[in-house]
Amino acid sequence: MTDSEAPNFWLMKTEPAVYSMDDLERDGRTPWEGVRNYQARNFMRDKMQPGDRVLIYHSNAAPPGVAGLARVCSAPYPDAFAWDPDSAYFDARSTPDKPLWFLVDICFEEKFSRLIALSEMRADPALDGMALLKKGQRLSILPALPAHFARVVMLKETA
DNA sequence: GCCAACGTTGGC
DNA sequence: GCCAACGTTGGC
């Protein structure tokens with residue numbers, strides 16, 4: 001199976017105090033800049049493609065949880081924030097000739113009417129094995145199984 | 001290449 | 001604010 005077939009499924013973390021689901025709804029589309037972890041970068045640079053589906057997760061929040069849905073809506077491209085000395089995401093090792101960090105654009109799809117809390121996901125046997133729920137998981141971008149993605153979407157319909 | 005020290009993430 | 005878990009850095 002080639003990369004151009006079925007969409008992939010992801011979970012992307014954001015701190016709502018920095019950038020929330022409401023911000024994404026307002027913006028409609030945003031470059032997912034500032035990822036400075038190689039594994040997370042590799043997911044964006046090597047695996048993501050337009051149309052991929054994304055659970056937007058609020059980390060460092062009270063409570064933490066999935067706030068809504070988005071889609072990957074660009075091909076991967078270099079993160080220009082790494083070239084800006086005034087940016088918090090500046091990294092002198094990255095240059096326009098040899099970019100080190102990459103990103104994709106993320107487009108708003110749906111804000112859930114209620115947050116699917118981390119505690120609720122932990123308690124759901126249908127989500128056993130979900131990467132997000134593994135101990136010590138700190139990656140800001142995680143692949144999700146289609147079944148887990150669908151289960152989270154189903155949970156939003158329940159009270 | 002090892003590994004201790006350090007910094008960051010992120011739940012609680 | 002605490003701290004466990006993990007990634008990165010840098011001395012050797």
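Letters A, B, ... are given to chains in the order of the sequence lines, protein chains preceding strands, and every chain is numbered from 1. Values below: every heavy atom of this structure, side chains too, minus hydrogens, waters and symmetry copies.
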Checklist entry - Is there a side-chain contact between A:Arg41 and A:Leu100, using heavy atoms and a 4.5 Å cut-off? => result yes
Item to check | Results of ring pair (Phe, Tyr, Trp, His ring centres under 6.0 Å) for A:Trp101 - residues two or more places apart only | outcome: A:Tyr38
Next on the checklist: One pair to check against salt bridge (charged side-chain N to carboxylate O under 4.0 Å, His left out): A:Arg151 and A:Asp124. What are the steps and the verdict?
Outcome noted: CA-CA 9 Å; A:Arg151 177 64 180 174; A:Asp124 186 345; 2.7 Å; yes
Checklist outcome for this item: Bounded by its outermost nucleotides with an atom under 4.0 Å from a heavy atom of chain A, the footprint on DNA chain C reads C:dA5 to C:dT9
Next on the checklist: For A:Lys156, is the NZ atom crowded, meaning more than 12 foreign heavy atoms sit under 6.0 Å from it?
Outcome noted: yes
Next on the checklist: Over all strands shown, is A:Gln39 touching base, sugar-phosphate only, or nothing at heavy-atom distances under 4.0 angstrom?
Outcome noted: sugar-phosphate
Checklist entry - A:Leu55 and A:Met121: same hydrophobic cluster, using ILVMFWY side-chain contacts below 4.5 Å? => result yes
